[in-house]
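Everything on this sheet refers to the single structure shown next.
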Amino acid sequence: MIKGIKGVKDLLPEETPRWRFIEETARRWADRYGFHEIRIPIFEVTTLFARSIGASTDIVEKEMYTFQDRDGTSLTLRPEGTAGTVRAYIEHNRGAVPVPQKYFYFGPMFRHERPQAGRLRQFHQFGVESFGMADPRSDIEVIALLWRLLSDVGLQGLTLEINNLGYPADRDSYRPQLVTYLKQHESHLCSNCQRRIEMNPLRILDCKVPECRALTEQAPRLADSLSEAPRAYSAAVLRGLDLIRIPYSLNHRLVRGLDYYNLTTFEVTAMNLGAQNAVGAGGRYDGLVETLSGPPTPAVGFAVGLERIAMLLADSAIRTSAAKAVVYIAAFGEQGSLAGLSALEDLRVCGISAVSDFRSSTLKAHLRQADRLGCSFTLIIGDDEVTKGTGILRNMVTKSQYDLPLAALPTAIQPLLTIS
RNA sequence: GUGGGUGUAGCUCAGUUGGUUAGAGCGCCGGAUUGUGGAUCCGGAGGUCGCGGGUUCGAAACCCGUCAUCCACCCCA
């Protein structure tokens with residue numbers, strides 16, 4: 001048996017309604033906030049991701065699905081959506097379009113990680129990118145969209161955490177301070193964090209080990225070494241969130257794993273999600289368009305993990321128009337089967353959804369299937385009905401039955417269907 | 001990449017200190033109802049016990065390997 005690839009899941013018909021519900025509400029909210037859908041390719045040249053995400057990040061160093069095209073160029077299955085969106089923005093000179101460029105996207109992303117609760121190798125994100133506005137209100141707008149859509153989907157126990165990373169220069173001046181402090185207390189750090197002092201000291205702030213947390217509580221804070229501009233910006237963002245009543249908590253430990261973020265960063269986490277508890281996260285990335293050889297362009301965005309939302313979503317929260325067929329055709333016998341075939345087609349062509357199970361050969365088996373499929377009506381057509389020229393329409397709830405002329409089925413059936 | 005848990009029927013799981021024919025519930029199919037669904041009763045089908053090797057008179061069980069899967073580390077959505 002050929003099996004699916006590790007960390008790559010099938011979404012069977014039983015679970016797609018839950019996904020459609022999530023996608024539909026995300027679309028609705030994106031629309032309300034003035035974001036428009038963009039569809040970008042699933043693979044790009046490798047250097048796009050290396051340059052945007054950061055060559056020394058885990059994603060680029062060891063998690064990308066990279067392969068050679070036939071002419072030898074290195075291509076990569078997208079590990080996230082921002083890089084491709086920015087590339088498209090630059091390539092099509094969208095900065096020249098006079099209206100704000102605010103995009104949203106859906107789609108699969110690929111990262112070669114060990115699968116775990118809430119983490120797959122092919123996973124799906126909904127993301128948003130807002131280009132061209134260096135105004136705190138656009139950060140607020142994006143955060144509000146994230147919060148409202150997650151709330152509307154019906155998730156409980158969410159926390160929005162915010163931090164401000166300042167500009168790269170702020171971090172450059174902060175990092176040595178932090179490293180000096182950490183080295184003084186190196187022996188009290190977990191072995192992981194001892195290693196991280198050199199590799200990625202900011203990550204130590206986010207360590208879950210209690211000893212490390214206690215220690216970093218006393219550490220110098222990035223917020224204290226921010227210059228005037230980021231402080232003012234941060235204050236404006238928070239003031240705006242207060243104004244529109246988006247609940248948040250400050251988390252000076254929040255550092256993002258992708259290199260391109262600056263100023264505002266944020267993350268929404270959920271309980272009951274296991275170790276991978278981030279549902280959505282994002283931030284401002286004012287330098288990225290320029291790093292990818294575009295014009296200087298401020299930008300903010302976020303991405304949410306769709307399978308993580310799906311995990312959290314209670315069945316009761318799913319509101320979707322169930323796509324159940326209305327009429328079941330119970331056709332049996334030699335003549336009945338043929339008459340049933342044309343009845344099916346007649347109804348479908350007239351816009352009535354109709355189904356049958358061609359394996360069933362007895363009326364009993366047909367009715368059982370009609371029941372399972374949740375059809376409200378069954379049209380019974382056996383050889384007897386064919387000779388009479390009438391089918392029997394059975395209301396599966398009231399059990400009342402009517403004779404209908406097979407020759408004019410759609411017009412005869414229509415009023416009976418709408419009554420119930 | 002590292003660590004731990006779990007692999008028995010379509011699904012969820014039992015299976016005694018190793019013992020002869022591997023079970024249950026649910027589901028499925030059929031009958032009671034020769035053409036009327038859901039409930040009930042009766043009957044039936046369905047298993048290379050993940051795979052390979054080893055120990056043993058005898059292995060679903062013990063040992064080794066391997067694969068799959070889940071969880072955690074790392075990292076991230």
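Computation of the quantities below employed the complete heavy-atom set of this structure, encompassing side-chain atoms and omitting hydrogens, waters and symmetry-equivalent molecules. In the text below, chain A, chain B and the rest are named by the order of the sequence lines, each starting its count at 1.
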If the condition is ring-ring contact (aromatic ring centres under 6.0 Å, His included), which residues does [X] pass it with, not counting sequence neighbours?
X	value
A:Phe106	A:Phe126
A:His92	none
A:Tyr181	A:His185

Whole-Å C1' distance, B:C62 and B:U56:
10 Å
Say we look at B:A22 and B:C49: how far apart would their C1' atoms be, to the nearest angstrom?
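It works out to 8 Å between them.
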Which pairs of donor and acceptor atoms, one on a side chain in residues 301-313 of chain A, lie under 3.5 Å apart (sequence neighbours left out)?
{"from": "A:Glu307", "atom 1": "OE1", "to": "A:His124", "atom 2": "ND1", "distance (Å)": "3.2"}
{"from": "A:Glu307", "atom 1": "OE2", "to": "A:His124", "atom 2": "N", "distance (Å)": "2.6"}
{"from": "A:Arg308", "atom 1": "NE", "to": "A:Gly118", "atom 2": "O", "distance (Å)": "2.7"}
{"from": "A:Arg308", "atom 1": "NH1", "to": "A:Ala278", "atom 2": "O", "distance (Å)": "2.8"}
{"from": "A:Arg308", "atom 1": "NH2", "to": "A:Gly118", "atom 2": "O", "distance (Å)": "3.1"}

Under 4.0 angstrom between [X] side-chain N/O and [N] OP1 or OP2:
X	N	value
A:Lys62	B:U2	no
A:Arg203	B:C76	yes
A:Gln125	B:A77	no
A:Gln276	B:C75	no

Would you tabulate the side-chain donor-acceptor contacts of residues 333-342 of chain A under 3.5 Å, counting partners in other chains and residues two or more places apart, or write 'none'?
{"from": "A:Ser337", "atom 1": "OG", "to": "A:Gly333", "atom 2": "O", "distance (Å)": "2.6"}
{"from": "A:Ser342", "atom 1": "OG", "to": "A:Ala339", "atom 2": "O", "distance (Å)": "3.1"}

Among B:C75, B:C73, B:A77, the one nearest A:Ala278 by side-chain distance:
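Selected nucleotide: B:A77.
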Without placing hydrogens or testing angles, list every side-chain donor-acceptor pair under 3.5 Å for residues 107-114 of chain A, not counting sequence neighbours.
{"from": "A:Arg111", "atom 1": "NH1", "to": "A:Pro79", "atom 2": "O", "distance (Å)": "2.5"}
{"from": "A:His112", "atom 1": "ND1", "to": "A:Tyr65", "atom 2": "OH", "distance (Å)": "3.4"}
{"from": "A:His112", "atom 1": "NE2", "to": "A:Arg121", "atom 2": "NH2", "distance (Å)": "3.4"}
{"from": "A:Glu113", "atom 1": "OE2", "to": "A:Arg119", "atom 2": "NH1", "distance (Å)": "3.4"}

Protein N or O to nucleotides 42-48 of chain B N or O, pairs below 3.5 Å:
none

Determine, step by step, whether A:Asp357 and A:Tyr328 satisfy the side chain to side chain contact (heavy atoms under 4.5 Å, CB included) criterion, reporting the C-alpha distance in whole Å, the side-chain angles of both residues, the deciding distance to 0.1 Å, and the verdict.
CA-CA 9 Å; A:Asp357 183 344; A:Tyr328 183 93; 3.3 Å; yes
Just how far, in rounded Å, is P of B:A68 from CD1 of A:Ile5?
12 Å
With centres under 5.5 Å and planes under 30° as the test, does A:Phe332 stack with B:G35?
no
What's A:Ile380 touching, base or sugar-phosphate or nothing? Going by heavy atoms closer than 4.0 Å.
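Base: the residue A:Ile380, judged by heavy atoms under 4.0 Å, touches a nucleobase.
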Counting any heavy atom closer than 4.0 Å, what does A:Gly274 reach on the DNA or RNA strands: base, sugar-phosphate only, or nothing?
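Sugar-phosphate, no base atom in range.
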Tell me the stems RNA chain B sits in, counting at least three consecutive Watson-Crick or G-U wobble pairs, each under 3.5 Å on both distances.
B:1-7 with B:67-73, B:10-13 with B:23-26, B:28-32 with B:40-44, B:50-54 with B:62-66
Indicate whether any N or O donor in one side chain lies under 3.5 Å from an N or O acceptor in the other, for A:Thr73 and A:Gln68.
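No, because no side-chain N or O of A:Thr73 sits under 3.5 Å from a partner of the opposite role on A:Gln68.
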Donor + acceptor pair across side chains of A:Ser130, A:Ser138 (<3.5 Å)
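Result is no, nothing qualifies.
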Would you say the side chain of [X] and the base of [N] hold a donor-acceptor pair, judged only by whether the two atoms sit under 3.5 Å apart?
X	N	answer
A:Gln116	B:C74	yes
A:Glu63	B:G1	no
A:Lys364	B:G31	no
A:Arg119	B:A72	no
A:Arg308	B:C76	yes

Can A:Arg78 and A:Glu80 be counted as an ion pair, charged N to O under 4.0 angstrom?
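A salt bridge is absent here (no side-chain N lies under 4.0 Å from a carboxylate O).
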Would the A:Tyr260 and A:Tyr285 ring centres measure less than 6.0 Å apart?
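Close enough - the centres of the two rings lie under 6.0 Å apart.
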Is the gap between the ring centers of A:Tyr103 and A:Phe131 under 6.0 Å?
yes
Protein-to-nucleotide contact annotation, 5' to 3' order, nucleotides 5-12 of chain B [B base; S sugar-phosphate only; - none; under 4.0 Å, heavy atom]
--------
Could you list all N or O pairs between the protein and nucleotides 26-30 of chain B that sit under 3.5 Å apart?
{"from": "B:C28", "atom 1": "OP1", "to": "A:Arg372", "atom 2": "NE", "distance (Å)": "3.2"}
{"from": "B:C28", "atom 1": "OP1", "to": "A:Arg372", "atom 2": "NH2", "distance (Å)": "2.7"}
{"from": "B:C29", "atom 1": "OP1", "to": "A:Arg372", "atom 2": "NH1", "distance (Å)": "3.3"}
{"from": "B:C29", "atom 1": "OP2", "to": "A:Arg372", "atom 2": "NH2", "distance (Å)": "2.8"}
{"from": "B:G30", "atom 1": "OP2", "to": "A:Arg368", "atom 2": "NH2", "distance (Å)": "2.4"}

Taking only residues two or more places apart in sequence or in another chain, which ones pass side-chain contact (heavy atoms from CB on, under 4.5 Å) with A:Arg245?
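If we apply the side-chain contact (heavy atoms from CB on, under 4.5 Å) test to A:Arg245, skipping adjacent residues, there are no hits.
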Once salt bridge (Lys or Arg N to Asp or Glu O under 4.0 Å) is applied, what residue pairs with a partner in residues 266-287 of chain A remain, sequence neighbours excluded?
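Pairs touching residues 266-287 of chain A that pass the test: A:Asp139-A:Arg284, A:Arg256-A:Glu267, A:Arg284-A:Asp286.
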